[in-house]
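Just so you know, these numbers use all the heavy atoms, side chains as well, and skip hydrogens, waters and symmetry mates. Here is the naming used below: chain letters follow the sequence lines, and residue numbers restart at 1 for every chain. Keep in mind that this is a model prediction, so the values were computed, not measured.
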2 protein chains.
Amino acid sequence: MNVTGHTRRPASIRDVATAAGVSYQTVSRVINGHPSVKPSTRERVLAAIDELGFRRNATALALASGRSRAVTVLTANTTHYGYASILRGVEEAARAASYAVGIGVLESAEQPAVAAEVQRAADAGGGLIVIAYDPAGVRALAAVPAELPVVGVVETPASPPGGDRPWVWTDDREAAHEATRHLLSLGHETVHYVAIPSSTRRTSARTTGWRQALKEAGAPEPRPVQGSWGPAGGHAAGRELAKDPAVTAILCGNDDLALGVLRALHEAGRSVPGEVSVAGFDDAPHSAYLTPSLTTVRLDFTGLGRAAFALLHGVLEKSAQIAPHPVSVPELVVRESSGPPSARG
Amino acid sequence: MNVTGHTRRPASIRDVATAAGVSYQTVSRVINGHPSVKPSTRERVLAAIDELGFRRNATALALASGRSRAVTVLTANTTHYGYASILRGVEEAARAASYAVGIGVLESAEQPAVAAEVQRAADAGGGLIVIAYDPAGVRALAAVPAELPVVGVVETPASPPGGDRPWVWTDDREAAHEATRHLLSLGHETVHYVAIPSSTRRTSARTTGWRQALKEAGAPEPRPVQGSWGPAGGHAAGRELAKDPAVTAILCGNDDLALGVLRALHEAGRSVPGEVSVAGFDDAPHSAYLTPSLTTVRLDFTGLGRAAFALLHGVLEKSAQIAPHPVSVPELVVRESSGPPSARG
DNA sequence: GCGCCTTGTGTGACCGGTCACATTCATGCC
DNA sequence: GGCATGAATGTGACCGGTCACACAAGGCGC
């Protein structure tokens, strides 16, 4: 162990080489596990490495070899539960593969700003993971130059707007379908929907799943209410819906929206689930503790993040252990906020 | 603009140099804004840069100059509101200074695992920001080698466990003091406290502030209840507190704990704020939409993150515009969950 | 006893920048 | 006119690794 107190600069392979009495190339071979190194030599080198506290300089490695063992996550948001969980999943998998994780936030959805941010991320070297749940993310994905290794975390599987690139997704359509069926099966005539902002001009997968379930049940199809991402949007939407006595079941694009809706219903004096049933999306950590606790669809965001990394990892190193299909199955969690419509309906 | 379709490797300064008919050093001077370059030469170089789409290679820059224009945030958590907001603040400020942001998650609080993660973060080059709100973070801060530039985001200002390093903090003591005083001023005899896990063996700043306010008011000082970080911990603590009819006011270490407490009180049939008042900490985005909406203390985590970066930035570049004192003032937000004790007390 | 392949090791160039120093030329001053 | 001075530019080494190739020694076939 290095006991010289002097804060000198860290040992390089040449330092190790002289200490072990070999050439720097031999040291390089040892740290890369090259087969043709005599065991006794390897031993000496390893001893020198240990003594000098040598660590391979990641920057030099990146410059010389081109491979940078790093990924950058581009996202429009870091605090929302889903986004943050994806990031966590990516970090988890990256750490296991000893990759570094960078993060870039798409503050604005304006094209030039997004392009600049993509450029910055590209400068960092390594691969890119773009969370394309929102307009900023979708634009970012589209702005990534073709030669850059990138994986998109997208809403809808079919032909993502980013072109012909690898991507991962959760089956939002199926999840919405399941949640809607659940509400219908309780006896509600139809289910209203408060949508999260769509990432593209096309209707979102969640909207499609909801619509499909209604159609299958022959239920009337109300206009979806446009929400935002946060509880404030849900609150505004909930206020409108609360006015309509025909509304007895509301599906929300995420749990935050659902929270706002619950609050609005409470303020309007409509009981949940007595008069109105509410269901959310994501199963955020607080949803189980709300009063009433929230019926929702649990999505495995962390697993999604891990899958995104695995896919990118396969692209970056042609070892190419591209996982079969990283779609995890959404799971309906029934809690207090959903129930049969009141008898007096 | 580069129109050759060939996906060739990006232009280097030598490519630019030959294109502009100068030496690579002159190109270097231009991109670094060195004064002694003839205007006409500069113009030619800039034109070549534009034509070839040259971007300075960040890796090479880091290797050659030592400065890496990057910071890594070490944190035990990415999804909790406070942590995620700090990260966002760091990223915001870093982006403005065109620094790259890396992230490392301290999955375990075990010393070896933490040390390894610190090493990894150090390998990335650049500075470190350690969120030391929990045991893992505190250990990480302590494990950072002395020669590494690091800023700690800590709970308590006085002599942080990490040694004599720059750090930032919010005035948690004052915040807890204010919240406690608020509850006492409503007429409660005393205020119970559900604590977040302490980052060190010493009592946390929040606990201290709460205790101090009780002392000043001459109120009895109940034992703080140990919670965890999430709503589950609050729920467990709330169950215990709900049994005791003498409990009329509860201060919680964060909003998630408060949510769990609210739920437990609801399950026990104790009304809020009628029978029991509850206050939280952080003002998470959902707190305003709970039923009852939560009285809490708003903390500027994003600002804290920005301040942490600014401080680190000053250390990394001796331009040293070390901000005066980056402590933002916590703000009490009174909502529905707190009120006077019921008359029948 | 020669050629050939394999194993173990070393040398020089290179990745794309920066840094320290050398060089050239115009200018100002005595 | 000679010389110091400073502006404008170029040259070579270097950061810490990797890569392609050279080279010596040992084993084997014939």
Ionic contact status for A:Arg88 with B:Glu107, cut-off 4.0 Å: no
Nucleic acid contacts of residues 33-40 of chain B, taken as heavy-atom distances under 4.0 Å to DNA chain D: B:Ser36, B:Val37, B:Lys38
Pair A:Glu147 + B:Arg9, salt bridge at N-O below 4.0 Å: no
Rounded distance in Å - CG (A:Asn32) to C1' (D:dA20): 15 Å
Electrostatic pair B:Arg120:B:Glu117 at N-O distance under 4.0 angstrom: yes
Contacting residues from residues 56-70 of chain A, given that a heavy atom lies under 4.0 angstrom of DNA chain C: A:Leu63, A:Ala64
Rounded distance in Å - CD (B:Glu43) to P (D:dA8): 15 Å
Whole-Å gap separating P (C:dG16) and CZ (B:Phe54): 10 Å
Rounded distance (Å) that lies between atom P of D:dG10 and atom OH of B:Tyr24: 10 Å
Check: A:Ala62 main-chain N/O paired with A:Arg69 side-chain donor or acceptor under 3.5 Å: no
Sugar-phosphate only, base, or nothing, as touched by A:Arg42 at under 4.0 Å among non-hydrogen atoms: nothing
Could you list, one pair per line, each protein nitrogen or oxygen that sits under 3.5 Å from a nitrogen or oxygen of nucleotides 21-26 of chain C, together with the distance?
none

Other residues, nucleotides, ligands: >12 heavy atoms within 6.0 Å of B:Gln111 CD: yes
